[in-house]
2 protein chains.
Amino acid sequence: MDMRFDLAQKAQDDTALVMAGAPSGKGCGGQYCDRCEVRDQAICADLDEQQRGALNRIGRRVSLQAGQTVMWEGDSSTLVANVIEGTLKLSTSTGDGREQIVGVVYASDFIGRPFGARTPHSVTALTDARLCLYPRGAFDGFAREHPVLEHRLLQRTLDDLDRTRAWMLLLGRKNAREKVATLLLDMHNRLPADRGGVIELPLSRQQIADVLGLTIETVSRQIGDLKRMGLIALAGRRGVRIVDADRLEAMAEGE
Amino acid sequence: MDMRFDLAQKAQDDTALVMAGAPSGKGCGGQYCDRCEVRDQAICADLDEQQRGALNRIGRRVSLQAGQTVMWEGDSSTLVANVIEGTLKLSTSTGDGREQIVGVVYASDFIGRPFGARTPHSVTALTDARLCLYPRGAFDGFAREHPVLEHRLLQRTLDDLDRTRAWMLLLGRKNAREKVATLLLDMHNRLPADRGGVIELPLSRQQIADVLGLTIETVSRQIGDLKRMGLIALAGRRGVRIVDADRLEAMAEGE
DNA sequence: CGATTAGTTGAACACCCTCAACCCAAGTGG
DNA sequence: CCACTTGGGTTGAGGGTGTTCAACTAATCG
């Protein structure tokens with residue numbers, strides 16, 4: 001079997017989403033939100049105490065293991081969620097199995113398709129992750145009653161759209177060298193580095209290829225070239241340190 | 001000079017946007033909206049009489065000629081608009097002039113970047129067009145005060161995001177044949193056909209190439225092939241008739 | 001330690017790009 | 001009316017970038 005599909009093993013059923021700690025909701029008045037790591041960045045940030053309690057009551061926390069898929073492309077949209085911790089990919093495929101990763105989401109991002117019938121892409125955990133999960137109907141209702149939440153969601157969606165369109169330029173018009181350089185810089189900006197300046201990529205080589213519209217071999221060669229040119233240094237399979245950011249930026253723009 | 005840039009001649013200044021008919025706004029209480037062709041599809045559809053009047057007061061109607069650019073990538077975002085009539089392209093470019101069309105908008109679509117500092121892509125009229133134009137500050141304020149409008153805008157933005165992500169699969173993973181077939185089917189679904197079943201493409205060959213991440217020659221060859229295979233028929237430069245939709249669909253999916 | 005999975009490297013090929021010539025339709029002006 | 005131009009589109013030949021297929025190496029894990 002093609003290893004590309006390994007990460008996409010179908011979760012047996014919904015109960016495979018493990019509850020983290022005690023069940024939330026049920027009159028606990030936002031106790032999870034109070035100590036939530038992302039409450040000031042996520043879409044719930046502008047809610048007041050009471051509203052957050054109400055939202056909390058319709059949601060629940062779940063833990064995901066790396067590789068687990070939360071939503072499937074084309075399925076009816078029944079869930080939405082905030083990402084509390086971890087990194088996930090959004091992906092679509094052609095009928096014959098070619099995959100394209102259409103987004104990578106991090107802590108405090110929002111996933112799922114509110115106000116729509118179908119989930120347009122699959123959502124799969126790249127690392128272990130924790131979500132704050134809401135059933136669609138309840139979330140949609142809550143959102144419609146709370147314009148501050150909808151406004152935040154709108155802002156986030158507009159930002160997503162901008163970023164997605166910028167990525168189209170990469171997919172349509174950049175060559176392999178430029179694509180890889182752009183991705184490394186993008187990850188560098190989004191992920192925390194250790195004190196040595198090394199970032200841990202949340203993506204395998206195959207997944208990098210699926211983000212960039214390339215093959216794994218091309219990605220491997222380009223990364224090797226960048227290393228040989230002294231623009232980056234590698235630390236194990238997933239570790240990367242940007243050595244010469246300026247020259248890497250130049251690569252990314254094709255100069 | 002490279003002909004690719006012809007369509008992007010910079011409008012001399014803002015006053016180049018010609019007012020259509022008498023000036024709107026100024027206490028006319030939504031008279032333009034009353035006879036607006038897109039009022040039931042655009043984001044203002046759910047506003048009541050009075051709200052529409054208020055919105056009308058902050059906007060104005062402008063006419064565009066094919067080729068005119070309304071907004072420039074990277075400029076500070078000062079305008080948003082509804083498209084009343086016509087087709088426009090959204091595009092970004094690399095530093096060295098490679099262009100990618102990141103969206104094509106039609107009547108009743110919304111353009112511009114509300115709630116954000118910069119316009120992430122240029123907007124250029126492909127055909128003559130009419131817009132209902134709002135200054136950013138006033139529009140943002142109105143939207144925040146009218147959740148029904150924001151909700152419509154959110155729905156539209158979510159749809160745009162879905163469509164954009166679907167296009168990423170095309171850009172990253174489809175070959176030239178599949179790309180061209182997909183575009184023709186997409187246009188077929190979005191544009192009105194005459195009684196002979198012929199649709200008038202709003203895009204030149206170069207623009208098709210810029211949507212698909214190809215070169216003009218490749219587009220021309222692929223269209224020629226599809227014609228020779230009897231899947232489509234051509235009528236002049238811009239006219240296309242889908243002869244065998246099923247086989248074209250199969251082409252589009254790579255079967 | 002072998003077994004397994006992820007990543008690298010090489011050689012040959014294919015697809016699409018590049019560059020160039022050419023065609024065609026629609027002006028324009030003598 | 002015809003020669004000439006101009007812009008968009010087509011066609012051809014050749015080459016390069018990235019893919020494909022295969023073998024190999026490096027990490028990880030029992």
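Quick note on labels: first sequence line is chain A, next is B, and so on, each numbered from 1.
The 5' end of DNA chain D is approached more closely, in terms of each residue's nearest nucleotide, by A/Leu214 than by the other of A/Gly236 and A/Leu214. Between B/Ile223 and A/Ile216, the residue anchored nearer the 5' end of DNA chain D, judged by the nucleotide with its closest heavy atom, is B/Ile223.
No side-chain donor-acceptor contact under 3.5 Å links A/Lys174 and B/Thr94.
When the side-chain nitrogen and oxygen atoms of A/Arg173 are compared with OP1 and OP2 of C/dC16, none of them lie within a distance under 4.0 Å. Side-chain nitrogen and oxygen atoms of A/Thr215 include none within less than 4.0 Å of the OP1 or OP2 phosphate oxygen of D/dG18. Dashed line: the shortest gap from a side-chain N or O of A/Ser220 to OP1 or OP2 of C/dT8 is under 4.0 Å. For A/Ser204, no side-chain nitrogen or oxygen approaches OP1 or OP2 of C/dA6 to under 4.0 Å. Regarding contacts with the backbone of C/dT9, every side-chain N or O of A/Arg205 stays at 4.0 angstrom or more from both OP1 and OP2.
Between the NZ atom of A/Lys174 and the P atom of D/dT17 there is a distance of 18 Å, rounded to whole Å. Distance CG (A/Asp225) to P (C/dT8): 11 Å, rounded to an integer number of Å. For B/Gln222 and D/dT11, the CD to P distance is 12 Å, given to the nearest whole Å. As a whole-Å value, the separation of B/Ile208 CD1 from D/dG8 P is 14 Å. In this structure, B/Arg177 atom CZ and C/dC17 atom P are separated by 14 Å, rounded to whole Å. What separates CZ of A/Arg238 from P of C/dT8 is a distance of 11 Å, to the nearest Å. Spacing between atom CG of B/Leu234 and atom P of C/dC24 amounts to 15 Å, rounded to whole angstrom units. If you take CD of B/Gln206 and P of D/dT10, they are 12 Å apart, rounded to a whole angstrom.
More than 12 heavy atoms of other shown residues, nucleotides or ligands fall within 6.0 angstrom of atom CD in B/Glu37.
Residue-to-nucleotide contacts include a donor-acceptor pair under 3.5 Å from the side chain of A/Arg221 to the base of D/dT20. Applying the 3.5 Å distance criterion, the base of D/dC21 shares a donor-acceptor pair with the side chain of A/Glu217. A/Arg237 contributes a side-chain N or O that forms a donor-acceptor pair with the base of C/dA6 under 3.5 Å.
Residues B/Arg156 and B/Asp109 are paired through a salt bridge, judged by an N-O separation under 4.0 Å between the basic side chain and the carboxylate. A salt bridge links A/Arg113 to B/Asp159: at least one charged side-chain nitrogen sits closer than 4.0 Å to a carboxylate oxygen. Between A/Glu253 and B/Arg98 there is no salt bridge, since none of the side-chain N atoms of the basic residue sits less than 4.0 Å from a carboxylate O of the acidic one.
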